[in-house]
Colleague: 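Let me begin by handing over the structure; questions about it come next.
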2 protein chains.
Amino acid sequence: MTEQNHLLEEMLQEDEKLTDKQRQILIAATEMFAEKGFAATSTNEIAKKAGVAEGTIFRHYKTKKDLLLSVVSPLMVKMIGPIIIKDLNKVLDKDFDHYEEFLWAMIKNRQEFLEKNLKVIQIFLQEIPFHEELRQQFIEHVGKKVLNRYIQIIEHYQIKGQIAKMPPTTVIRLTASTLLGFFATKYVFNVKWNEEAEIEQTIKFLMKGLAP
Amino acid sequence: MTEQNHLLEEMLQEDEKLTDKQRQILIAATEMFAEKGFAATSTNEIAKKAGVAEGTIFRHYKTKKDLLLSVVSPLMVKMIGPIIIKDLNKVLDKDFDHYEEFLWAMIKNRQEFLEKNLKVIQIFLQEIPFHEELRQQFIEHVGKKVLNRYIQIIEHYQIKGQIAKMPPTTVIRLTASTLLGFFATKYVFNVKWNEEAEIEQTIKFLMKGLAP
DNA sequence: TTGTAAAGTGAGTAATCACTCACTCATGAC
DNA sequence: GTCATGAGTGAGTGATTACTCACTTTACAA
């Protein structure tokens, strides 16, 4: 059992230990934070929406900020870590011979992840400018691990001659901008489009732009 | 005198009518909103930072939200409109023979704009999820006008055979993602890099990716 | 059945919130 | 000099805030 799986299962166990009221508090907080923002949401409102006394919230979460971190933290710890590692292994185990295949898998993979965590991701993006802890957690769990592993992936395809010889960080910036722009267009602007055609054109654009 | 210039001068006139105290309030509000967010900033704090009685704020701004709009609205009305129109005229007047030249001008132009309005842009991006008025204003002033004009620009270069024949909105999405990604990397992650080299690689990437 | 620890409650608290209002002050027209 | 007007003030408003605490209920092992 890997360390990652261990942590993951530990968390799920904890989740199963949650009472109904605790679950209701987390659900209500997630919805209110996403809708009105952390600072503009009162603990009173959360309690009412959760069908719970206000005191119950503070029985389980020392402060309101504690509740925010409890909603957002699992996003990074539970989801991003393991997925990243699987991605890397698939590349190095040569499940993906071409960068193009890797991109396709990425886009499908992230799409699933986004759809299952839309609200929490929204809260995370909205609150990250105001909470040093969130920034720290993001750098710790996502920044360091992910960046280093993706540099390896890019170098792997550069050696194979599929990607132009520019700094891997630049390749990552260009790829990430394009993919994030794709998702932003879809989820933020709520555009109706021919999804498969857009994905194809996006990946074609990336491959042509990054070609040696 | 164009309608845009008229509005612009009218605003500057009004700006000159502002008293010192009013200016201090706007400066203090801008800094506090950017730092702590709108909902987490109290009018008391703003008044103290501006060296003004709390009542003075409400003499000039009916509500706290009114103050927010007074800080953010000019950003869209005064700045984005005129610049966009100049861009378009330069293209259609054939100041830019190639899409590449247009991109260079855009990147330089936007960089100036960003640097001069960092804090207000930050406030705008932070608060737009929570204020319908901001979203409406953005669609009104930026969305409609800008998108339509940029579609014309893209079609212009497509006819010249410089850009692949895909939907103009897709070209705009890919271009905007790449440029916004460039600025985000610079200003959000505060990366130290060889700026000119990164700009060159970014534009080269765009040109290769969008080539017919 | 009983003992106990955790879960849940809701009235209560001091602090803070956005906003008001009766007032003073400064400026300039007559 | 006087009067009108708008800028500026700061104590005061009721509402709301995050959080506490003494208490009750629930779950379950002994």
Side-chain angles (χ1 to χ4, degrees), chain A residues 10 13-73 123 126-127 130-134, chain B residues 10 13-73 123 126-127 130-134:
Chain A
E10 197 178 55
Q13 254 190 332
E14 276 176 347
D15 273 358
E16 274 162 24
K17 275 182 195 160
L18 292 176
T19 62
D20 271 0
K21 302 253 171 184
Q22 285 185 58
R23 243 183 289 272
Q24 285 308 312
I25 290 169
L26 287 173
I27 291 168
T30 302
E31 271 172 25
M32 301 294 296
F33 287 161
E35 191 182 319
K36 308 179 56 182
F38 172 74
T41 302
S42 69
T43 49
N44 180 354
E45 287 176 292
I46 296 170
K48 274 184 183 157
K49 182 149 194 165
V52 147
E54 211 174 336
T56 310
I57 292 175
F58 291 96
R59 163 97 24 220
H60 299 290
Y61 306 97
K62 232 172 73 69
T63 62
K64 188 186 160 194
K65 188 154 190 167
D66 219 54
L67 176 57
L68 171 69
L69 294 178
S70 296
V71 164
V72 171
S73 294
I123 296 172
Q126 281 167 6
E127 299 303 330
F130 308 124
H131 307 279
E132 178 60 24
E133 306 92 313
L134 285 184
Chain B
E10 198 178 54
Q13 257 188 331
E14 275 176 348
D15 274 357
E16 274 163 24
K17 274 183 195 161
L18 292 178
T19 62
D20 270 359
K21 302 255 171 185
Q22 284 184 61
R23 242 183 288 273
Q24 285 308 310
I25 290 169
L26 287 172
I27 291 169
T30 302
E31 271 173 26
M32 300 295 296
F33 287 162
E35 190 182 319
K36 308 180 56 180
F38 171 75
T41 301
S42 71
T43 49
N44 181 351
E45 287 175 291
I46 296 170
K48 275 184 184 156
K49 182 150 195 166
V52 148
E54 211 173 337
T56 309
I57 293 175
F58 292 96
R59 163 102 19 221
H60 300 289
Y61 307 97
K62 232 173 74 69
T63 62
K64 188 185 158 194
K65 189 154 190 166
D66 219 54
L67 177 57
L68 171 69
L69 295 178
S70 296
V71 164
V72 172
S73 294
I123 296 172
Q126 281 166 6
E127 298 305 328
F130 308 124
H131 308 279
E132 178 61 25
E133 305 95 313
L134 285 184

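These values consider heavy atoms only, across backbone and side chains, with no hydrogens, waters or symmetry-generated copies. These numbers come from a predicted model, not from an experiment. Here is the naming used below: chain letters follow the sequence lines, and residue numbers restart at 1 for every chain.
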Colleague: Closest heavy-atom contact between A:Lys64 and A:Thr43?
Modeller: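 Answer, listing the atom of A:Lys64 first, then A:Thr43: CG-CG2, 3.9 Å.
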Colleague: Less than 4.5 Å apart, side chain to side chain, heavy atoms only: is that true for B:Arg23 and B:Leu26?
Modeller: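 No - every pair of side-chain heavy atoms lies 4.5 Å or more apart.
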Colleague: Looking at B:Thr56, I'd like to know whether one of its side-chain N or O atoms comes within less than 4.0 Å of OP1 or OP2 on D:dT9.
Modeller: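 Checking B:Thr56 against D:dT9: at least one side-chain N or O falls below 4.0 Å of OP1 or OP2.
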Colleague: Can you list everything that forms a ring-ring contact (aromatic ring centres under 6.0 Å, His included) with A:Phe33? Sequence neighbours excluded, please.
Modeller: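 So A:Phe33 forms a ring-ring contact (aromatic ring centres under 6.0 Å, His included) with A:Phe38.
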Colleague: Whole angstroms only, please: what is the NZ-P distance between B:Lys48 and D:dG10?
Modeller: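 Computing the B:Lys48:NZ to D:dG10:P distance gives 12 Å.
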Colleague: What are the two closest heavy atoms between B:Asn44 and B:Glu54, and how far apart are they?
Modeller: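 So the minimum-distance heavy-atom pair works out to N-OE2, 3.5 Å.
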Colleague: Under the side-chain hydrogen bond (donor to acceptor under 3.5 Å, both in side chains) rule, collect the residues that match up with A:Gln126, sequence neighbours excluded.
Modeller: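 So A:Gln126 forms no side-chain hydrogen bond (donor to acceptor under 3.5 Å, both in side chains) with any residue.
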Colleague: Taking OH from A:Tyr61 and P from C:dA7, how many angstroms apart are they, rounded to a whole number?
Modeller: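 After rounding, the gap between these two atoms is 11 Å.
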Colleague: Which atom names give the shortest non-hydrogen contact between B:Leu68 and B:Ile123, and what distance separates them?
Modeller: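 Distance-wise, the nearest heavy atoms are CD1-CG2, 3.8 Å.
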Colleague: Using a cutoff of under 3.5 Å, can you pull out all pairs of nitrogen or oxygen atoms linking the protein to nucleotides 24-27 of chain D, with atom names and distances?
Modeller:
none

Colleague: May I have the distance from B:Lys21 (atom NZ) to C:dT27 (atom C1'), rounded to whole angstrom?
Modeller: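 Computing the B:Lys21:NZ to C:dT27:C1' distance gives 16 Å.
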Colleague: Which parts of nucleotides 15-24 of chain C does protein reach within less than 4.0 Å, heavy atoms only, written one letter per nucleotide 5' to 3' as B for base, S for sugar-phosphate only and - for none?
Modeller: --SBBB-B--
Colleague: In whole Å, I'd like the distance from the CG atom of A:Asp20 to the P atom of C:dA7.
Modeller: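 Between P of C:dA7 and CG of A:Asp20: 13 Å.
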Colleague: Evaluate the side-chain proximity of A:Glu127 to A:Val72: yes if any heavy-atom separation is below 4.5 Å, no if none is.
Modeller: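 The answer is no; the side chains never approach within 4.5 Å.
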Colleague: Suppose we screen for side-chain hydrogen bond (donor to acceptor under 3.5 Å, both in side chains). Which residues come up paired with A:Ser42, at least two apart in sequence or across chains?
Modeller: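 A:Glu45.
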Colleague: Quick one: is C:dA6 close enough that its OP1 or OP2 comes under 4.0 Å of any side-chain N or O from A:His60?
Modeller: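 The answer is no; no side-chain N or O of A:His60 sits under 4.0 Å from OP1 or OP2.
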Colleague: Quick one: closest heavy-atom pair of A:Ala28 and A:Ile46, and the distance?
Modeller: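 Taking A:Ala28 first and A:Ile46 second, the nearest heavy atoms are CB-O, 3.8 Å.
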Colleague: Minimum heavy-atom separation for A:Phe130 to B:Ala34, with atom names?
Modeller: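 Answer, listing the atom of A:Phe130 first, then B:Ala34: CE2-O, 4.2 Å.
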Colleague: Please report the distance, rounded to the nearest Å, between CD in B:Gln22 and P in D:dG6.
Modeller: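 The distance from CD of B:Gln22 to P of D:dG6 comes to 13 Å, rounded to the nearest Å.
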Colleague: Distance only, no hydrogens: is a donor on one side chain within 3.5 Å (strictly under) of an acceptor on the other, for B:Lys65 and B:His131?
Modeller: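 Judged by distance alone, the side chains do pair up.
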Colleague: For the helix from C:dT1-D:dA30 to C:dC30-D:dG1, what angle lies between the axis at the first five pairs and the axis at the last five pairs, to 10 degrees?
Modeller: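 It works out to 0° between the end axes.
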Colleague: Whole-Å distance between D:dG6 P and B:Ile57 CD1?
Modeller: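 Answer to the nearest Å: 21 Å.
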